[in-house]
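These figures come from a predicted structure and were not determined experimentally.
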Amino acid sequence: MKRTTAAVLAVTLMILMIPGLTGCKKAPKEWYKETLEYYKDGVNNGFKTTYRNLNVPDELKDKNNKIGYLLIDLDKDGTDELLIGLIDDSASTKFTNVIVAHSDLGTYCLLSGTSGSYIYLCADNVLLMEDTRISTAEKEFMKWNSKKNAFDVIEGEGKYLGKKWDLTAF
């Protein structure tokens with residue numbers, strides 16, 4: 001009986017230690033520090049190097065633009081997500097990148113805008129991805145779901161508008 005209990009306990013512990021099987025892997029408390037350093041260096045020195053899977057939109061490379069970031073826990077799981085955006089006079093803050101602590105991939109950019117395509121943070125931590133490069137702007141509303149490591153697309157037309165956020169400048 002003791003051998004069976006010990007074997008079951010050993011197998012259970014081994015399974016719990018395998019990443020991705022339990023979904024309980026917690027991001028390090030300040031997982032974003034290295035990424036912030038990359039963006040700070042890039043803003044100051046022209047993004048001469050690439051870092052992991054981070055897309056750098058042209059707006060971030062433009063020395064005339066002031067760039068900042070916001071740390072916010074989008075899904076209230078205790079881990080902040082990192083949003084990179086433009087500091088300007090627009091009525092709503094335009095974000096270009098949403099970077100998360102992905103439980104399987106580490107630091108990962110799940111949403112990235114380009115010139116004419118931006119991400120807006122709305123009430124209830126809903127993200128609005130809006131592409132204005134075409135005559136009829138396309139909109140998609142999303143909420144981050146860390147348990148699924150993905151954004152859930154939700155109905156938001158008429159419910160959510162982008163808000164103005166105070167970003168920390170690089």
Hydrophobic cluster membership, with links at side-chain heavy-atom distances under 4.5 Å among I/L/V/M/F/W/Y: are Leu105 and Phe151 in one? yes
I'd like to know if the side chain of Lys164 and the backbone of Ser90 have a donor-acceptor N/O pair within less than 3.5 Å. yes
Just by distance, do the side chain of Trp165 and the backbone of Leu121 share a donor-acceptor pair under 3.5 Å? yes
Kindly say whether Asp80 contributes a backbone atom to a donor-acceptor pair with the side chain of Trp31 at under 3.5 angstrom? yes
Hydrophobic cluster membership, with links at side-chain heavy-atom distances under 4.5 Å among I/L/V/M/F/W/Y: are Val153 and Leu110 in one? yes
Val98/Trp144 under side chain to side chain contact (heavy atoms under 4.5 Å, CB included): CA gap, chis, key distance, verdict: CA-CA 10 Å; Val98 176; Trp144 173 239; over 6 Å; no
Side-chain (Asn145) to main-chain (Ala150) donor-acceptor, under 3.5 angstrom: no
Evaluate side chain to side chain contact (heavy atoms under 4.5 Å, CB included) for Phe141 paired with Leu128, printing each intermediate quantity in order. CA-CA 5 Å; Phe141 296 89; Leu128 163 60; 3.7 Å; yes
Output yes when a side-chain donor or acceptor of Asp75 lies under 3.5 Å from a complementary backbone atom of Ser146, and no otherwise. yes
Does any N or O in the side chain of Lys61 come within less than 3.5 Å of the main-chain N or O of Val43, such that one atom is a donor and the other an acceptor? no
What's the separation between atom CG in Leu82 and atom CG in Leu74, rounded to the nearest 0.5 Å? 10.0 Å
Look at the aromatic rings of Phe47 and Tyr39 and report parallel, tilted or perpendicular, splitting at 30° and 60°. perpendicular
Note: Glu81 and Asp77 closest approach over all heavy atoms is OE2-OD1, 4.3 Å
N/O donor-acceptor pair under 3.5 Å between Asp124 side chain and Val126 backbone: no
Heavy-atom pair of closest approach, residues Asn55 and Gly113: ND2-O, 4.2 Å
Are the side chain of Asp58 and the backbone N or O of Asp62 linked by a donor-acceptor pair below 3.5 Å? no
The test is side chain to side chain contact (heavy atoms under 4.5 Å, CB included); show your working for Leu60 and Asn97 and say whether it passes. CA-CA 10 Å; Leu60 300 186; Asn97 296 74; 3.7 Å; yes
For Thr96 and Ile119: C-alpha separation, side-chain torsions, deciding distance, then whether side chain to side chain contact (heavy atoms under 4.5 Å, CB included) applies. CA-CA 6 Å; Thr96 60; Ile119 304 151; over 6 Å; no
When you measure from the side chain of Asn44 to the backbone N and O of Lys40, does any donor-acceptor pair fall under 3.5 Å? yes
Looking at Thr79 and Ala101, what are the two nearest heavy atoms and their distance? CG2-CB, 4.3 Å
Gly162 to Cys122 - nearest heavy-atom pair and separation: N-SG, 3.7 Å
Which heavy-atom pair separates Leu36 from Phe170 by the least distance, and what is that distance? O-CE2, 3.7 Å
Between the side chain of Asp88 and the main-chain N/O of Asn65, is any donor-acceptor distance below 3.5 Å? no
Could you measure the distance from the NZ atom of Lys139 to the OH atom of Tyr160? Nearest 0.5 Å is fine. 14.0 Å
Group every Ile, Leu, Val, Met, Phe, Trp and Tyr by side-chain heavy-atom contacts under 4.5 Å, then state whether Tyr108 and Ile72 land in the same group. yes
Rounded to the nearest 0.5 Å, what separates atom OG1 in Thr93 from atom CG in Leu70? 8.0 Å
If you count the non-hydrogen atoms of other residues, nucleotides and ligands that lie under 6.0 Å from NZ in Lys63, is the total more than 12? yes
Could you tell me the separation between the CG atom of Asn149 and the NE2 atom of His102, rounded to the nearest 0.5 Å? 3.5 Å
At what distance, to the nearest 0.5 angstrom, does OG1 of Thr168 lie from OH of Tyr69? 4.5 Å
Measuring from Glu30:CD to Leu71:CG, what's the distance to the nearest 0.5 Å? 9.5 Å
Heavy-atom closest pair (Tyr118 atom, Lys94 atom, distance to 0.1 Å) is CD2-CB, 3.7 Å
Is the shortest side-chain heavy-atom distance between Thr107 and Glu34 below 4.5 Å? no
